[in-house]
Amino acid sequence: MSDLYDTDFYSWSFHQAELIRQGRYSELDLDNLIEEVEDMGKARYRTVKSCLKGLFLHALKWQMQSKKDDMHDFKEWHTSWLISIGKQRDAVQEELEENPSLNNKLDEILPKAYQSARNQVAREMMCKPSDFPRECPWTYEEVMTEGWLPDVE
């Protein structure tokens, strides 16, 4: 069964499901099955992290753009950033509603998501990560507040 796992994951997964349905537990590829179940949980963690990263990415870009723009197109890009941040916020909320135990991991996820966003924004905006705060300047409660945008210094 391990060979099938290595050569045709799709077929392996459906075969494992069929064995479970039939109650043929002794035939299961338990080592790989356990690994895949754990990976499903890790994927949920990564999804929350990715959504928070997207939220931070847009928030940091908002701050940088706000400092640079002459404000003549303010209303247009202000609305665009509110929509982008709102989409990420909604995705975080949905994922946490479906996986409430991940709420206990937010203290771990938030700084990782922020650092990743900070580095990506620096690359995209051709500046240095040090142009942004080293630590996340916002609380989870702040960024999850509907209509929230970061202050412009």
Minimum-distance pair of heavy atoms, taken over all atoms of [X] and [Y]:
X    : Y    : answer
M64  : F132 : CE-CZ, 3.4 Å
S50  : Q88  : O-OE1, 4.2 Å
Y45  : K112 : OH-NZ, 3.2 Å
Y114 : P133 : OH-O, 2.7 Å
A122 : P129 : CB-N, 3.5 Å
P111 : D107 : CD-O, 3.2 Å

**Prompt:** Would a hydrophobic clustering, with Ile, Leu, Val, Met, Phe, Trp and Tyr connected at side-chain separations under 4.5 Å, put F14 with L33?
**Reply:** no
Do [X] and [Y] have side chains that get closer than 4.5 Å, going by heavy atoms?
X    : Y    : result
D29  : L19  : no
R44  : V48  : no
V37  : M40  : yes
I20  : Y25  : yes
I109 : Y140 : no
R89  : V143 : no
E124 : K61  : yes
K49  : L52  : no

SG (C51) and CD (E95) are apart, to the nearest 0.5 Å, by 6.5 Å
**Report entry** Candidate pair L96 and L106, rule side-chain contact (heavy atoms from CB on, under 4.5 Å), full reasoning
**Finding:** CA-CA 10 Å; L96 291 176; L106 287 173; 4.2 Å; yes
Got more than 12 heavy atoms from elsewhere within 6.0 Å of [atom1], [X]?
X    : atom1 : answer
N103 : CG    : yes
R24  : CZ    : yes
Q22  : CD    : yes

Is a side-chain N or O of [X] found less than 3.5 angstrom from the main chain of [Y], in a donor-acceptor match?
X    : Y    : value
D131 : K128 : yes
E108 : K105 : no
N119 : Q115 : yes

Requested in this report: Indicate the ring-plane relationship of F9 and Y5, choosing parallel, tilted or perpendicular according to the 30° and 60° boundaries.
Outcome: perpendicular
**Message:** Which label fits F56 and W138: parallel for a plane angle under 30°, tilted from 30 to 60°, or perpendicular past 60°?
**Reply:** parallel
*Distance only, no hydrogens: is a donor on one side chain within 3.5 Å (strictly under) of an acceptor on the other, for W12 and N32?*
no
TODO: Run the numbers on Q120 and K53 for side-chain contact (heavy atoms from CB on, under 4.5 Å), then give the verdict.
DONE: CA-CA 9 Å; Q120 185 174 334; K53 175 186 175 182; 2.8 Å; yes
- If you measure from the Lys or Arg side-chain nitrogens to the Asp or Glu carboxylate oxygens, is any gap between K42 and E38 under 4.0 Å? no
* **side-chain contact (heavy atoms from CB on, under 4.5 Å) evaluation trace for D90 with Q93** => CA-CA 5 Å; D90 291 346; Q93 286 174 332; 3.8 Å; yes
